[in-house]
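Please read the structure below before turning to the comments.
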Amino acid sequence: MSTTTALRTFPDVRADFPGLTPGWHYLDTAATAQKPQAVIDATVNAMGRDYATVHRGVYARSADMTLAYEAARRRIAAFIGARENEIAFVRGATEAINLVAYSHPKKGRVLLSMLEHHSNIVPWQLAGWQVDVCPLTADGCIDLDAAEKLLTPEHNMVAFAHVSNVLGSPLDVARAADIAHHVGAELLIDGCQAVPRLPVDVAALGCDYYVFSGHKLYGPTGIGVLWSDKLDTLPPWQGGGSMIDRVTFEKTTYAPAPTRFEAGTPAIIEAIGLAAAVDYVAALGVDAIHAHEVALVTSVREQLARKNSITLYGPENSAGIVSFSMAGVHPHDIGTILDESGVAIRAGHHCAQPLMEHLGVAATARASFGVYSNDDDVAALTDGLARVERIFG
């Protein structure tokens, strides 16, 4: 499908997003996605008309809310090709990675990549793992040939991003899984940037753990998902109510997974909101969303490549994200001037300081797209960058 055809055939859904005010071009979806009205309505109803606790009350509304909460789990699990008992609700991908890093019974060596988000670096360090680093290919993808040479039987874990939050670099997860498993290591995948824009089937991918955050998937903040078909092999990470079987002062036994990882009153409203987001994305079709974002990325990269002042980072097939720098202009200045034109981008190190050092820059500017992005946003971005050039020229 051509770039023009993909943009023309994808439905205009901007009216579904009340946060997208007229004249404002939101190009920071990789940081957090705007919310469709369907998600807002679901959370409002869950917080108001339908609200009650779950798993505790014997009265009708509590029972109904429990059913809704567990139905949300089933819908979210199905969205990534999982079974409902294989996903635990957490506060976000960061908490999911911390959970695995701290709870894993074999803390040893972990292989990360140069492009990882800080949330896929710091937890391993804090939990006492020995960190090794996989380099990148020339175009900014995780170098799986190098990973294959670096991995040894001493490695217990490989933890890679499915899609880089800076470069948009996609990972061949199935190959990464084969490489990790060949030496007896497990594979954790950070799917934050992939789940909103790529089809994800965890069984087909072959990874051992898959994590993502709800707010990047057009859902609420404060909720994320840890998937694994090995949850029962991990001990609890946090203690409290709900995650127990029986408690005495002498000994406590724990509930089976995933309940053992959901201590305390869960994120009831957020889970229902995330299920509504999943339904919204599924109705549009992830394949169609991917084609739409590929068209936008292709258009932006083609136009920026014509500017001698601009350096583009990442591969040509970057997924939904374009990072760049402009000669002689700090990314914060780019972001400020674009904001004056109603264009919102991200400027900074994007919680990926090791990657910035690898690129030889302190920061980059980043435009990232969502289901609501269109060619007007691309035009506003390129027009705004032309203004930046004039100001600093």
Exercise. So do the side chains of Q303 and V378 get within less than 4.5 Å of each other, counting heavy atoms only?
Worked result: yes
For this session: Give the minimum heavy-atom separation between E262 and I87, together with the two atoms involved.
Result: OE2-O, 4.3 Å
For this session: Locate the shortest heavy-atom distance separating H155 from A185; write the atom from each residue and the value.
Result: O-CB, 3.4 Å
Problem set entry | Polar side chain donor-acceptor pair, S242 to R56, under 3.5 angstrom | yes
For this session: Apply the side chain to side chain contact (heavy atoms under 4.5 Å, CB included) test between L115 and each candidate in N120, V166, I142; give the one that qualifies.
Result: I142
Problem set entry | S325: side-chain hydrogen bond (donor to acceptor under 3.5 Å, both in side chains) partners, not counting sequence neighbours | Y313
For this session: Report yes or no: do L150 and L171 belong to one cluster of Ile/Leu/Val/Met/Phe/Trp/Tyr joined by side chain heavy-atom distances under 4.5 Å?
Result: yes
Exercise. Hey, does the side chain of K106 reach the backbone of H104 with a donor-acceptor pair shorter than 3.5 angstrom?
Worked result: no
Exercise. Which pair of non-hydrogen atoms, one from R14 and one from W24, has the smallest distance, and what is that distance?
Worked result: NH2-O, 3.2 Å
For this session: Examine distances only and state if a side-chain atom of T259 and a backbone atom of A255 form a donor-acceptor pair shorter than 3.5 Å.
Result: no
Exercise. Between H55 and Y69, how do the two ring planes meet: parallel, tilted or perpendicular, split at 30° and 60°?
Worked result: perpendicular
Exercise. Say you draw a straight line from CZ of R346 to OG1 of T32; how long is it, rounded to the nearest 0.5 Å?
Worked result: 11.0 Å
For this session: Check whether any side-chain N or O of E116 sits under 3.5 Å from a backbone N or O of A161 as a donor-acceptor pair, and report yes or no.
Result: yes
For this session: For the pair T253 (side chain) and R246 (backbone), establish whether a donor and an acceptor sit closer than 3.5 Å, ignoring hydrogens and angles.
Result: yes
Problem set entry | Donor-acceptor under 3.5 Å (K251 side chain, T248 main chain) | no
Problem set entry | Electrostatic pair K230:D208 at N-O distance under 4.0 angstrom | yes
Problem set entry | Modelled atom types, side-chain donor and acceptor of S309 and E389, under 3.5 Å | yes
Exercise. Side chains of H181 and E186: is there a donor and an acceptor less than 3.5 Å apart?
Worked result: no
Problem set entry | Counterpart residues, salt bridge (charged side-chain N to carboxylate O under 4.0 Å, His left out), relative to D145 (two or more places apart) | R175
Problem set entry | Inter-residue atom distance N317.CG - S169.OG, 0.5 Å rounding | 8.0 Å
Problem set entry | Minimal non-hydrogen separation, I345 against L381, with atom names | CG2-CD1, 4.2 Å
Problem set entry | ILVMFWY cluster, V343 and L312 together (side-chain gap under 4.5 Å) | yes
For this session: Check the pair H118 / H349 against ring-ring contact (aromatic ring centres under 6.0 Å, His included), numbers first and verdict last.
Result: CA-CA 10 Å; H118 294 164; H349 57 64; 5.6 Å; yes
For this session: Establish, from distance only, whether the side-chain atoms of S119 and H117 form a donor-acceptor pair under 3.5 Å.
Result: yes
Exercise. In terms of the angle between their ring planes, are Y102 and W237 parallel, tilted or perpendicular, with boundaries placed at 30° and 60°?
Worked result: parallel
Exercise. Sub-3.5 Å donor-acceptor pair from the side chain of S368 to the main-chain atoms of G320, do we have one?
Worked result: no
For this session: Say whether, by atom type as modelled, one donor and one acceptor occur between the side chain of D339 and the main chain of G342 under 3.5 angstrom.
Result: no
Problem set entry | Test log, rule salt bridge (Lys or Arg N to Asp or Glu O under 4.0 Å), inputs E86 and R73 | CA-CA 10 Å; E86 295 174 342; R73 190 192 303 274; over 6 Å; no
For this session: Decide yes or no for I289 and E293: does some side-chain heavy atom of the first lie under 4.5 Å from some side-chain heavy atom of the second?
Result: yes
Problem set entry | Stepwise salt bridge (Lys or Arg N to Asp or Glu O under 4.0 Å) check, D245 with R260 | CA-CA 9 Å; D245 173 34; R260 71 170 65 172; over 6 Å; no
Exercise. Under 3.5 Å, is there a donor-acceptor pair linking the side chains of Y372 and D16?
Worked result: no
For this session: Please check if the side chain of R197 supplies one atom and the backbone of Q193 the other of a donor-acceptor pair under 3.5 Å.
Result: yes
For this session: Give the minimum heavy-atom separation between W129 and A101, together with the two atoms involved.
Result: NE1-O, 2.9 Å
Exercise. Is S62 reaching over with its side chain to a backbone N or O of Y59, donor-acceptor style, under 3.5 angstrom?
Worked result: no
Problem set entry | Worked verdict on F212 versus F79 for ring-ring contact (aromatic ring centres under 6.0 Å, His included) | CA-CA 12 Å; F212 63 93; F79 184 68; 7.7 Å; no
Exercise. Taking the side chain from S213 and the backbone from K216, do they hold a donor-acceptor pair closer than 3.5 Å?
Worked result: no
For this session: Go through the side-chain N and O atoms of T298 and E302 and say whether any donor and acceptor fall under 3.5 Å apart.
Result: no
